[in-house]
J.: 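One structure, pasted below without further comment.
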Amino acid sequence: DGFGQDSVWYWASAAKTLTGYLVGVAQEEGLLNLDDKTSDYLGTGWTSTPSEKEDLITIRHQLSMATGLDDGVLLTNCLNPSCLQYLTDAGDRWSYHNAPYRLLQDVVENASGQTFQNYTAQKIMQKTGLTGEWINYIFYSKARSMARFGSLILNQGNWNGTTVLADQNYQNEMIN
């Protein structure tokens with residue numbers, strides 16, 4: 001259908017892998033810890049859950065899609081607190097819920113003091129030659145850039161002798 005090597009395409013859910021990878025880079029830099037409360041970076045009231053329940057949600061819960069937030073809401077991509085509703089305690093239930101995962105980008109922005117686009121450019125794009133851009137929490141690029149990211153993963157965070165992510169435990173958890 002006219003798609004070629006220079007066509008730009010959206011990564012859709014594959015962008016979650018890129019987001020998760022950048023969370024690992026931010027942790028390696030000491031900007032955040034997976035066991036930190038999400039509210040440490042998004043402030044209190046980022047959900048509509050009671051504060052004692054919101055405080056149970058960590059970055060690790062966001063990464064593993066176990067926030068306990070209700071994925072049965074009408075707008076599953078809605079990032080407003082009114083859409084992020086309590087269902088069960090964090091860690092008790094897995095659900096494929098886009099909104100809490102997307103908010104990891106805001107966590108990294110607040111931890112790094114940079115836009116997620118700039119953080120991506122500095123930490124991955126400049127080192128690997130990957131090109132593309134984030135639009136509404138989804139990454140868009142040419143297929144070859146996606147292949148570059150795949151090669152980075154296959155090479156365990158190393159790009160032609162340049163370490164992008166050294167934490168092998170994090171990478172193993174991410175792919176397993």
Side-chain angles (χ1 to χ4, degrees), residues 3-43 46 56-67 77 79 90-91 94 96-176:
F3 188 85
Q5 72 180 22
D6 292 322
S7 299
V8 174
W9 194 252
Y10 67 101
W11 289 32
S13 290
K16 289 177 179 70
T17 307
L18 183 54
T19 298
Y21 198 85
L22 286 158
V23 169
V25 171
Q27 178 176 252
E28 188 169 81
E29 292 183 322
L31 300 176
L32 55 80
N33 185 291
L34 298 186
D35 296 320
D36 290 344
K37 295 185 304 186
T38 300
S39 57
D40 290 347
Y41 301 91
L42 299 182
W46 67 275
L56 298 175
I57 302 171
T58 65
I59 296 169
R60 184 180 308 277
H61 291 126
Q62 287 177 272
L63 280 169
S64 63
M65 293 196 167
T67 61
N77 289 318
L79 305 177
W94 180 91
Y96 192 86
H97 193 184
N98 283 333
Y101 203 95
R102 286 181 172 196
L103 285 170
L104 284 167
Q105 293 182 18
D106 296 355
V107 167
V108 171
E109 283 187 351
N110 291 330
S112 69
Q114 300 181 53
T115 66
F116 201 65
Q117 180 66 41
N118 287 344
Y119 194 76
T120 305
Q122 181 185 37
K123 302 304 174 183
I124 294 181
M125 297 170 86
Q126 292 171 4
K127 295 177 180 182
T128 65
L130 186 143
T131 61
E133 74 176 309
W134 290 99
I135 300 173
N136 196 27
Y137 296 89
I138 297 173
F139 196 71
Y140 289 78
S141 76
K142 296 178 183 177
R144 289 182 184 206
S145 282
M146 187 179 249
R148 282 179 179 274
F149 183 64
S151 292
L152 178 64
I153 299 291
L154 289 172
N155 288 305
Q156 301 172 346
N158 188 286
W159 186 264
N160 293 332
T162 300
T163 301
V164 178
L165 178 62
D167 186 343
Q168 293 302 301
N169 288 331
Y170 183 86
Q171 289 191 99
N172 288 333
E173 284 184 37
M174 197 174 113
I175 62 173
N176 292 309

J.: Not counting sequence neighbours, which residues clear salt bridge (charged side-chain N to carboxylate O under 4.0 Å, His left out) with K16? List them please.
T.: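 Not a single residue meets the salt bridge (charged side-chain N to carboxylate O under 4.0 Å, His left out) criterion with K16.
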J.: Identify, with sequence neighbours excluded, every residue that meets salt bridge (charged side-chain N to carboxylate O under 4.0 Å, His left out) alongside E133.
T.: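 None.
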J.: Using every non-hydrogen atom in the two residues, find where R60 and D35 come nearest and quote the distance to one decimal.
T.: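 That would be NE-OD1, 2.9 Å.
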J.: For M146 and S141, work out which heavy atoms get closest and say how close.
T.: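 Heavy atoms of M146 and S141 come nearest at N-OG, 3.9 Å.
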J.: Quick one: does T38's side chain get under 4.5 Å of H61's, heavy atoms only?
T.: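 No. Closest side-chain heavy atoms not under 4.5 Å.
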J.: With sequence neighbours left out, what residues match K37 under side chain to side chain contact (heavy atoms under 4.5 Å, CB included)?
T.: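 K37 satisfies side chain to side chain contact (heavy atoms under 4.5 Å, CB included) with S39, D40, D55 only.
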J.: Counting C-beta onward and ignoring hydrogens, is there a side-chain heavy-atom pair between T115 and E109 closer than 4.5 Å?
T.: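 Contact flag for T115/E109 side chains = yes.
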J.: I need the L103 CG to N98 CG distance, nearest 0.5 Å.
T.: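 Interatomic distance, L103 CG to N98 CG, rounded to 0.5 Å: 11.0 Å.
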J.: Answer yes or no: are there more than 12 heavy-atom neighbours, outside W159 itself, under 6.0 Å from its atom CH2?
T.: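 Enclosed.
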J.: With Y41, which residues qualify under ring pair (Phe, Tyr, Trp, His ring centres under 6.0 Å), at least two apart?
T.: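 Listed in chain order: nothing, the list is empty.
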J.: By side chain to side chain contact (heavy atoms under 4.5 Å, CB included), which residues pair with Y140, not counting sequence neighbours?
T.: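 If we apply the side chain to side chain contact (heavy atoms under 4.5 Å, CB included) test to Y140, skipping adjacent residues, the hits are V8, Y10, I135, I138.
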J.: Between Q171 and L165 (side chain of the first, backbone of the second, donor and acceptor by atom type, cut-off under 3.5 Å), is there such a pair?
T.: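 Looks like yes, one N/O pair under 3.5 Å.
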J.: Any heavy-atom pair between the side chains of L18 and I124 that's under 4.5 Å?
T.: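 Side chain of I124 against side chain of L18, heavy atoms only: contact under 4.5 Å found.
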J.: Tell me every residue that passes side-chain hydrogen bond (donor to acceptor under 3.5 Å, both in side chains) with Q156, counting only those two or more places apart in sequence or in another chain.
T.: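 Result, side-chain hydrogen bond (donor to acceptor under 3.5 Å, both in side chains) vs Q156: none returned.
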J.: Side chains of Y137 and L104, heavy atoms from C-beta outward: is any pair under 4.5 Å?
T.: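 No - every pair of side-chain heavy atoms lies 4.5 Å or more apart.
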J.: Please examine the side chains of W46 and D106, heavy atoms only from C-beta on, and report whether any two atoms are closer than 4.5 Å.
T.: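 Counting from C-beta outward, D106 and W46 never come under 4.5 Å.
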J.: Atom CD in Q126, atom OG1 in T120: separation rounded to 0.5 Å?
T.: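 With rounding to 0.5 Å, CD (Q126) is 11.0 Å from OG1 (T120).
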J.: Report the residues that fulfil salt bridge (charged side-chain N to carboxylate O under 4.0 Å, His left out) with R102, sequence neighbours left out, ordered by chain and then residue number.
T.: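 In terms of salt bridge (charged side-chain N to carboxylate O under 4.0 Å, His left out), with neighbours along the sequence ignored, R102 is linked to no residue.
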J.: Quick check for you: to the nearest 0.5 Å, what is the distance between N77 atom CG and L79 atom CG?
T.: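 Those atoms lie 7.5 Å apart.
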J.: What is the minimum heavy-atom distance between A90 and L56, and which atoms define it?
T.: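 Heavy-atom minimum between the residues: CB-O, 3.6 Å.
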J.: Return the set of residues passing side-chain hydrogen bond (donor to acceptor under 3.5 Å, both in side chains) with K142 (not counting sequence neighbours), or none when no residue passes.
T.: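 Counting only residues at least two positions away or on another chain, K142 forms no side-chain hydrogen bond (donor to acceptor under 3.5 Å, both in side chains).
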J.: Going by side-chain hydrogen bond (donor to acceptor under 3.5 Å, both in side chains), name the residues that satisfy it together with Q5, two or more places apart in sequence or in a different chain.
T.: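 In terms of side-chain hydrogen bond (donor to acceptor under 3.5 Å, both in side chains), with neighbours along the sequence ignored, Q5 is linked to R144.
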J.: To the closest 0.5 Å, what do you measure between CE (M125) and CZ (R148)?
T.: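 With rounding to 0.5 Å, CE (M125) is 11.0 Å from CZ (R148).
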J.: Output all residues satisfying side-chain hydrogen bond (donor to acceptor under 3.5 Å, both in side chains) with Y101, sequence neighbours left out; order by chain, then residue number.
T.: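 Counting only residues at least two positions away or on another chain, Y101 forms no side-chain hydrogen bond (donor to acceptor under 3.5 Å, both in side chains).
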J.: Any side-chain to backbone donor/acceptor pair from W94 onto S64? Under 3.5 Å, distance only.
T.: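 Answer holds: yes.
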J.: Does some side-chain heavy atom of L34 sit less than 4.5 Å from a side-chain heavy atom of T58?
T.: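 Heavy-atom side-chain distance check fails, nothing below 4.5 Å.
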J.: Checking T163 now: which residues fulfil side chain to side chain contact (heavy atoms under 4.5 Å, CB included) with it, not counting sequence neighbours?
T.: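 Expected list: N158, A166.
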J.: Write out all pairs satisfying ring pair (Phe, Tyr, Trp, His ring centres under 6.0 Å) with one or both partners inside residues 14-39, taking only residues at least two apart or from two chains.
T.: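 Counting only pairs at least two positions apart or across chains, the ring pair (Phe, Tyr, Trp, His ring centres under 6.0 Å) contacts touching residues 14-39 are Y21-F149.
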J.: Can you see which heavy atom on Q27 is nearest to which on Y170, and at what distance?
T.: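 Residues Q27 and Y170, closest heavy atoms: NE2-CD1, 4.1 Å.
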J.: Report the C-alpha distance between L130 and F139 in whole Å, list the side-chain angles of each, state the deciding distance to 0.1 Å, and finish with yes or no for side-chain contact (heavy atoms from CB on, under 4.5 Å).
T.: CA-CA 11 Å; L130 186 143; F139 196 71; 3.5 Å; yes
J.: For L32 versus V23, what's the shortest heavy-atom pair and its separation?
T.: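 Nearest heavy atoms, L32 then V23: CD1-O, 3.9 Å.
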J.: If every non-hydrogen atom of T19 is compared with every non-hydrogen atom of Q105, which pair is closest and at what distance?
T.: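 Where T19 meets Q105 most closely, the heavy atoms are OG1-NE2, 3.2 Å.
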